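Some notes on the structure that comes next.
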There are 2 protein chains.
Amino acid sequence: MKQVKSRTGNLGRPAGSDNEKVREALLQAARENFTSREFKAVSLREIAASAGVNGAMVNYYFGSKQGLYMAMVDGMFDSLEKSLPEMSESSAITVEDFSRSYCQFLGENPWWPNFMVREVLFNEGDNQDAMIRKFSSSFAPRLMQSIQQGISCGHYRQDLNPGLTLLSLMGMTIFPFLARPMAEQVLKVNLDSNMTAALSEHNIKLFLSGVVSDGEDATGAGEQS
Amino acid sequence: MKQVKSRTGNLGRPAGSDNEKVREALLQAARENFTSREFKAVSLREIAASAGVNGAMVNYYFGSKQGLYMAMVDGMFDSLEKSLPEMSESSAITVEDFSRSYCQFLGENPWWPNFMVREVLFNEGDNQDAMIRKFSSSFAPRLMQSIQQGISCGHYRQDLNPGLTLLSLMGMTIFPFLARPMAEQVLKVNLDSNMTAALSEHNIKLFLSGVVSDGEDATGAGEQS
DNA sequence: TTTTTAATTAATTAATTGTTTAATTAATAA
DNA sequence: TTATTAATTAAACAATTAATTAATTAAAAA
């Protein structure tokens with residue numbers, strides 16, 4: 001009765017091995033590593049070690065490093081769509097809904113902005129096209145629709161460029177999370193859940209009415225030298 | 001007279017070799033490669049080939065791959081400060097100046113947003129701290145100062161959070177360039193010089209007065225379902 | 001039970017990386 | 001001129017990488 005569990009030599013299929021458990025451990029390790037460091041900077045050995053399995057498991061379950069990465073991407077988009085149910089419907093999204101939902105999502109999923117920007121910006125060719133399509137087919141057109149309705153019904157200014165307006169709104173929503181290190185270290189804006197809620201309300205008001213006080217002149221002529 | 005130019009074996013110091021020229025060629029190659037691909041994904045051999053010199057030249061002139069990268073970073077910040085002279089002065093920057101100058105700079109230097117975000121976001125530890133300090137010591141505090149003046153003199157709303165307001169402004173300024181592929185492919189917003197100028201004016205107006213028409217209610221109650 | 005299949009590990013493979021070295025040639029100083 | 005220094009190349013080096021393979025063991029099927 002020597003092989004208590006074949007202690008040192010862990011060869012062969014382990015007793016009670018769980019296919020799905022290993023798979024999920026690898027995906028989890030991939031998320032941890034790929035969201036904070038660049039693709040090439042993360043080695044399979046690191047991922048495997050961080051998942052507590054042998055390096056060859058990545059190729060066994062996902063075919064390749066790239067395969068694991070793509071599986072991770074799919075999972076991330078799934079979790080986005082699950083976290084933003086109101087954005088999965090087919091009607092127009094109001095500015096308020098977008099600001100609140102997206103701020104909350106970004107606050108709760110700090111890995112997302114880094115990841116999204118890296119994918120859309122840097123992985124030119126590889127995943128970029130698919131990313132852009134996936135990204136833009138979710139909420140962008142429906143938010144655009146909402147903005148265009150606002151203009152055509154006269155609620156918004158008639159001189160607004162819908163595309164630029166959408167970009168401005170997305171920018172003020174996403175950028176604070178994107179520049180989190182700068183926001184926290186330089187501006188002392190700590191993006192906890194309270195500040196996240198404050199940010200969405202701040203942005204809604206800024207987007208709709210601007211920063212200028214009621215009754216003040218907004219031409220900027222009254223500004224400080 | 002066989003050694004016409006020692007055609008194939010290009011050993012030794014070449015006639016009329018220009019120290020500064022090689023240095024600049026390497027920096028140029030570094031800019032081209034490092035701004036579009038991640039640090040680890042760019043090899044010294046690629047850079048050298050793209051500069052038309054031997055791979056060992058990187059170590060000869062810059063000590064290491066990292067040394068070349070840092071030299072490139074320094075040059076980029078120099079070009080930013082030269083391109084934005086009005087931001088190098090010591091007085092407060094108005095929202096208008098910031099929006100116009102920065103939009104123009106981003107339009108003329110499309111590599112900057114990618115590079116900046118990559119540095120501030122992803123190179124954790126290595127250059128991040130230095131980047132944040134350099135970045136924030138240039139215009140951030142003076143723009144902040146301008147916003148705080150606007151609030152304290154009553155021109156801006158009293159309920160404004162200055163930090164969030166600065167982040168919103170930076171976001172609506174930078175994001176369109178950051179999401180350029182998405183802006184162009186999905187929203188059909190082509191960021192040429194005309195659109196860049198339009199963007200800065202659009203943002204100034206939006207920042208100051210919002211999107212809602214004069215006389216309209218800005219609570220959003222009047223929006224489409 | 002016996003056979004086959006699934007899961008896991010250690011070892012190997014082939015390619016690529018950043019860096020160093022030695023050889024080589026031009027420019028410069030003595 | 002001669003000796004020394006600066007610039008360049010090809011080659012070698014050592015480390016690391018993703019991927020494959022063969023061996024091994026448990027689970028499932030026959």
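Excluded from the calculations below are hydrogen atoms, water molecules and symmetry mates; all remaining heavy atoms, backbone and side chain alike, are included. Chain letters run A, B, ... following the sequence lines, proteins first and then strands; every chain starts at 1. Note that the coordinates shown come from a computational prediction; the quantities given were computed from them, not determined experimentally.
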NA contact type, A:Y61, heavy-atom cut-off 4.0 Å: base, sugar-phosphate, or nothing? sugar-phosphate
Protein-to-nucleotide contact annotation, 5' to 3' order, nucleotides 15-20 of chain D [B base; S sugar-phosphate only; - none; under 4.0 Å, heavy atom]: --BBBB
Ion pair check, B:R100 and B:E96, cut-off under 4.0 Å: no
Not counting sequence neighbours, which residues clear side-chain contact (heavy atoms from CB on, under 4.5 Å) with B:R23? List them please. B:E20, B:Y61, B:F62
Is any side-chain heavy atom of B:M172 closer than 4.5 Å to one of A:L167? no
Of all residues at least two apart in sequence or in a different chain, which pass the side-chain contact (heavy atoms from CB on, under 4.5 Å) check with A:K21? A:D18
Rounded to whole Å, how long is the line connecting atom CZ of B:R37 with atom C1' of C:dT17? 14 Å
Watson-Crick or G-U stems of DNA chain C, 3 or more pairs, under 3.5 Å, by first number: C:1-30 with D:1-30
Aromatic rings A:F105 and A:Y102: how do their planes relate, parallel, tilted or perpendicular, breaks at 30° and 60°? tilted
Classify the side-chain pair A:E24/A:Q28 by whether it contains a donor and acceptor separated by less than 3.5 Å. no
Does a side-chain heavy-atom distance below 4.5 Å link B:N109 with B:M76? no
I'd like to check A:L164 versus B:V189 (side-chain heavy atoms, cut-off strictly below 4.5 Å). Are they in contact? yes
Table of protein N/O atoms under 3.5 Å from nucleotides 4-6 of chain C N/O atoms:
unit_1	atom_1	unit_2	atom_2	d
C:dA6	O4'	A:R13	NH1	3.4
C:dA6	N3	A:R13	NH1	3.4

So among A:I174, A:L169, A:T173, which one has a side-chain contact (heavy atoms from CB on, under 4.5 Å) with B:F175? A:I174
Quick one: ring pair (Phe, Tyr, Trp, His ring centres under 6.0 Å) partners of B:F34, sequence neighbours excluded? B:F39, B:Y69
